[in-house]
Amino acid sequence: MTSLNYKTDLPVLAQCDVLVIGGGSAGSAAAIAAARQGASVVLVERYGFLGGTGVMVLDTFYGFYTPGQTEKKVVGGIPDDVIAGLSAHNVLIKRPNTYGAGAGLTYDPEVLKVVWDKLAHDAGVKVLFHSYFIDLLRDGSQLKGVLVGTPKGPQAIMATTIIDASGDATVAARAGAPFEDSGALGIAQSLTTTFKMINVDMAAAKAFPKQAMWDLMAAKSDSYNLPRKEGSAHITPHDGVMVTNMTRVGGVDGTDVQQLSAAEREGRLQALEYARFLVDNVPGYEKSVLGGLAIQIGVRETRRIKGEYWLTREDVLAARQFDDAIAQCGAPIEEHHAGGNTRWEYVPDSGTYGIPYRCLLPQDVDGMLVAGRCLSASHDAHASVRSIGQCLAMGQAAGVAAALSTSMGVAPRTLPATLIRERLADMGAVL
């Protein structure tokens, strides 16, 4: 694809070794990891806070632990620093997952914003809030930086290495990297607007079995518009507050702004309907009220790049390991299709599989890595590897690789995986 010549007359906002686009879990971890490796780092984030889905939609980190009777922790390093920050504010609880997908770490999203602020600041990351990617700057085929939108208009950021942590592979796609477009193919997982209920009688709500709630959803289908006849409401660090994952908006291309806008409206309507159902029917919710909606609808899947390796369903279910693994995952395949239930397939024997470094390397593009849910993976493999725990781990690896490639003056794809793994191990990553 064509992009702007880097010798633009636009003002230069910043220059850096490593530029990260997207300040979600993957992007924040990437920026911090690169800075801790000695790189100068700029992090571009369109909202006024870091944390992405982990702040705007969810209040729980999944993917830290394997499911099953013998629990195993599978991520470490910067993810541990995030957890420590939340624990220091006494807003973290560990709880079992509804469907047996491994324990979740539930927190206060407002405090998570502050935790990310401190970690990024202490690492020396230059964070640019209220800015967003517009286009790439090139010198021929070589990437030189990006054009970003700001309240003062378009400005340039020059960088040696770019990490696409946009979630949608927006930067990689613009660079000409091949990808699979889940939305265009009609296979993208459904979207969810989470919401919280306040003034809940916690004892009564926790005593009511989830299966009984699901049975009520099915029985009351003529009285309520409930596309998903399952879902969960879970405890939080605050008494009387429950957070839900119930709504389901299917058949949406999350990169199509018109479809995404319609999905936002539909998700909010569904949230009110599920809240009405809870108040009318479920013990503990009789006096509760809707206490807030997700800042935006939760998008599970859009573009997935075609990288130097394509992670598959077979890799997941065979618990396959790789010489260039930069992270581990034990999460099940969790496919939220457009129907009323969810498809689950588990890694045998509570095992784990490796996430290859090659999955972070887009084909046909030099000077760029991806991190997070836009990694190189099939639809089924992605349904396992997209958990926030793994996004944190992938971001950490991408940041280390970007810093190393910049300091060594080589392309990310030519870096020895052994060197990346050594640095990650020194940081406390689980490999």
Side-chain angles (χ1 to χ4, degrees), residues 3-4 6-8 10-52 55 78 113 115-139 142-172 174-175 360 362 365-372 374 391-392 394-409 411-412:
S3 300
L4 298 175
Y6 82 103
K7 295 178 180 177
T8 175
L10 290 167
V12 176
L13 179 60
Q15 298 187 17
C16 58
D17 297 326
V18 177
L19 171 63
V20 183
I21 304 296
S25 297
S28 298
I32 293 163
R36 288 181 178 180
Q37 293 293 311
S40 59
V41 181
V42 172
L43 174 56
V44 169
E45 168 52 44
R46 69 168 55 241
Y47 289 97
F49 49 83
L50 300 177
V55 166
I78 290 173
K113 296 176 185 177
V115 171
W116 277 124
D117 280 343
K118 177 173 173 50
L119 289 172
H121 178 270
D122 289 353
V125 176
K126 182 180 181 67
V127 179
L128 299 176
F129 292 126
H130 306 293
S131 56
Y132 55 92
F133 172 78
I134 297 177
D135 206 345
L136 289 163
L137 302 175
R138 298 181 187 265
D139 182 8
Q142 187 176 4
L143 300 180
K144 288 292 187 178
V146 303
L147 187 67
V148 296
T150 77
K152 282 193 173 182
Q155 300 189 63
I157 301 177
M158 315 308 295
T160 304
T161 306
I162 299 172
I163 298 175
D164 182 349
S166 65
D168 298 324
T170 304
V171 189
R174 183 62 180 159
L360 311 185
V365 179
D366 285 324
M368 183 181 293
L369 300 105
V370 304
C374 54
C391 288
L392 288 164
M394 283 187 273
Q396 180 172 247
V400 167
L404 287 172
S405 65
T406 301
S407 65
M408 296 169 64

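Atoms considered below: every heavy atom in the structure, side chains included; atoms not considered: hydrogens, waters and symmetry mates.
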Going by ring pair (Phe, Tyr, Trp, His ring centres under 6.0 Å), name the residues that satisfy it together with Tyr132, two or more places apart in sequence or in a different chain. none
How close do Ala156 and Leu147 get, heavy atom to heavy atom, and via which atoms? N-CD1, 4.3 Å
List in chain and number order the residues that pass side chain to side chain contact (heavy atoms under 4.5 Å, CB included) with Ser131, two or more places apart in sequence or in another chain; answer none if no residue qualifies. Val44, Leu128, Thr150
Counting distance only, does the side-chain N/O of Arg138 pair as donor-acceptor with the main-chain N or O of Ala175 below 3.5 Å? yes
With a 4.5 Å limit on heavy-atom distance, are the side chains of Leu137 and Leu143 in contact? no
Pick from Ile163, Val171, Leu19: which one makes a side-chain contact (heavy atoms from CB on, under 4.5 Å) with Met368? Val171
Any Ile32 side-chain heavy atom under 4.5 Å of Arg36 side chain: yes
Taking all non-hydrogen atoms of both residues into account, name the closest pair between Ala120 and Leu50 and its distance. CB-CD1, 4.0 Å
Under 3.5 Å donor-acceptor, Gln37 side chain and Val400 backbone: no
Between atom CG of Leu43 and atom CD of Glu45, what is the distance when rounded to the nearest 0.5 Å? 7.0 Å
Closest non-hydrogen contact found for Val370 with Ala172 is CG1-CB, 4.1 Å
Atom pair CH2/CD1 of Trp116 and Ile78 - distance to nearest 0.5 Å: 7.0 Å
Enter the distance from Thr170:OG1 to Asp164:CG here, rounded to the nearest 0.5 Å. 6.0 Å
Checking Ser166 against Asp168: is there a side-chain donor and acceptor pair closer than 3.5 Å? no
Should the heavy atoms of other residues, nucleotides or ligands under 6.0 Å from NZ of Lys113 be counted, would the total exceed 12? yes
For a quick check under 3.5 Å, do Thr160 and Thr406 share a side-chain donor-acceptor pair by atom type? no
Where do Cys374 and Gly167 come nearest, in terms of heavy atoms and distance? CB-O, 3.5 Å
Between Arg46 and Phe129, is a side-chain contact (heavy atoms from CB on, under 4.5 Å) present by the stated rule, with each step listed? CA-CA 6 Å; Arg46 69 168 55 241; Phe129 292 126; over 6 Å; no
Smallest heavy-atom separation, Ala29 atom then Leu392 atom, equals CB-O, 3.5 Å
I'd like to check Met394 versus Leu360 (side-chain heavy atoms, cut-off strictly below 4.5 Å). Are they in contact? yes
Could you tell me whether the side chain of Ile21 reaches within less than 4.5 Å of the side chain of Val146, counting heavy atoms only? yes
Ala39 to Asp17 - nearest heavy-atom pair and separation: CA-OD2, 3.6 Å
Could you tell me if the side chain of Lys144 sits less than 4.5 Å from the side chain of Met158, heavy atoms only? yes
Could you tell me whether a side-chain N or O of Ser28 sits under 3.5 Å from a main-chain N or O of Ser25, the two making a donor and an acceptor? no
For side-chain contact (heavy atoms from CB on, under 4.5 Å), just list the numbers for Val41 and Cys16, CA-CA rounded to whole Å, side-chain angles, deciding distance to a tenth of an Å, and then say yes or no. CA-CA 6 Å; Val41 181; Cys16 58; 5.9 Å; no
Is the shortest side-chain heavy-atom distance between Tyr47 and His130 below 4.5 Å? no
Quick check: do Leu10 and Gln155 have side-chain heavy atoms less than 4.5 Å from each other? no
